[in-house]
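To keep things clear, I will list the structure first and then write my remarks on it.
Please read all numbers here as calculations on a predicted model, not as lab measurements. Just follow the structure's listing: the first ligand is 1, and inside any ligand the first atom is 1.
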Amino acid sequence: MKVCILTLGCKTNLAESDDLKRRLLSKGHEIVDLKDKPNICIINTCSVTAKSDYQSRQLIRRALKTGAKVMVTGCYAQLDEDRIQDISSEIEIFKNDEKSLLLDKIIDDSESTAIKITDRSRPFVKIQEGCSHKCTYCIIPALRGRPKSRPPEDIIDEILDYERAGYDEVVLTGIHIGLYGVDLKDGMDLTGLIEQIVLKTSRARIRLSSLEVIEIDKRFLEVFSEKRICKHLHIPLQSGSEGVLKRMKRPYNTIRYERKVKEIYDRFDNISLGTDVIVGFPGETEEEFEETLRFLKKLPINYMHVFPYSDRPGTEASKMPDKVPNNVKRNRAKRLRELDKTKRSEYRRAQIGRTLEVLQESLTEEGKIKGKSENYLDVIFEKKDFEP
Ligand code: SF4
């Protein structure tokens, strides 16, 4: 069977799609592109913004045009089954907690043996699902449910499989990885899991996806010092205004955020620090936006992902008054993206003269090697400079 898997959204979706591909390949199925006339097309959708909903519907329509059997899963499938069924009643929908059924539908059982696993050189390993926080703008807890952690042995086995298959980096991912272990009985948490991974696997460098600032404590930073862990952290801020943070119900204030980020920056030489920022949250005044801009300017953050606020039906924020007009949101996003550009180029300039370990990912059209450094920079170099 030729199966095409299209994925939108977060690293959790990418991890789930990687896992699906791995299982399908191990059963002899072929993973193909949409242009290769697949028999089945699986679309792992996202619903984090209204734009993601739109992109999910667009992908579904493109997949239907190929004549493939279309199966839709992920957060948009969870949120708006009716609208998907309106596109075509032939589409099969699998909610987030039915993803395993999707697998059963295509293969006989879910037995997994990793061989040539994923088409990405840095596979994503999902360690947990769900979130119990109540950020007022976020629909994810409603779509993904409460935290549910994978047993450490399963995660370690998966990483060992990846190492045996020749992969040199894994990215630990989930909806909220700092909540890893809250549902496990033996006191295991993210720090304990990383310790176990370092102890029981041998080679792959380990990268962490997004982590909340309140989850970075002394014990975590000690384990994070281990050489195999990439010196790169993505710590969502969302706003640099106290008022907006409160309305978002984020569990920290700017003083705490700043103190922690500076501590990490001072402790780890050349670490890459990234963040997420939402602009145009309901009621965000010009002054509150300026506070965010000033705050980010002084922080040792190297890159930012900037999102204009988008109403998600059913969230607390969607019912808040004083919505910010789209043109104001666009303008604020543009100003923050300019700052992002400056910060990225300053960080790149600071690498001149340094030696970085780079994982080869692909070849450019000019035949050069493209890869990712431990501190999350895209690096292009000549083949003659390649040291396996
Ligand atoms: S921490 Fe907040 S933003 Fe992140 S998934 Fe949970 S509710 Fe959403």
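What sits closest to atom 1 (S) of ligand 1 on the protein, heavy atoms only, is H176 ND1, 3.5 Å. Protein heavy atom closest to atom 8 (Fe) of ligand 1, with residue, atom name and distance, is C138 SG, 2.3 Å. For atom 3 (S) of ligand 1, the closest heavy atom belonging to the protein is Y137 OH, 3.4 Å.
Taken from CG in D183 to CD in Q128, the straight-line distance is 8.0 Å, to the nearest 0.5 Å.
Proximity of R144 to ligand 1 is not established, as no heavy-atom distance is less than 4.0 Å. At least one heavy atom of E212 sits less than 4.0 Å from an atom of ligand 1.
The nearest N, O or S atom of C135 is closer to atom 2 (Fe) of ligand 1 than 2.8 Å. Look at C131 and atom 8 (Fe) of ligand 1: no N/O/S atom of the residue is under 2.8 Å from the metal.
The pair K95-E81 meets the salt-bridge criterion, with a side-chain N (NZ, NE, NH1 or NH2) lying under 4.0 Å from an Asp/Glu carboxylate O.
With ligand atoms numbered from 1 in the order given, ligand 1 contributes 7 (S) to contacts under 4.0 Å with heavy atoms of P141.
Of the options K343, K341, H234, a side chain to side chain donor-acceptor pair (under 3.5 Å) to Y303 is made by H234 and by none of the others.
Between D276 and Q238, some side-chain heavy-atom pair lies under the 4.5 Å cut-off.
Two different hydrophobic clusters hold V244 and M304 under the rule that ILVMFWY side chains link at heavy-atom gaps under 4.5 Å.
Annotation: cation-pi geometry not satisfied between K249 and Y137 (NZ/CZ under 6.0 angstrom from ring centroid, within 45° of ring axis).
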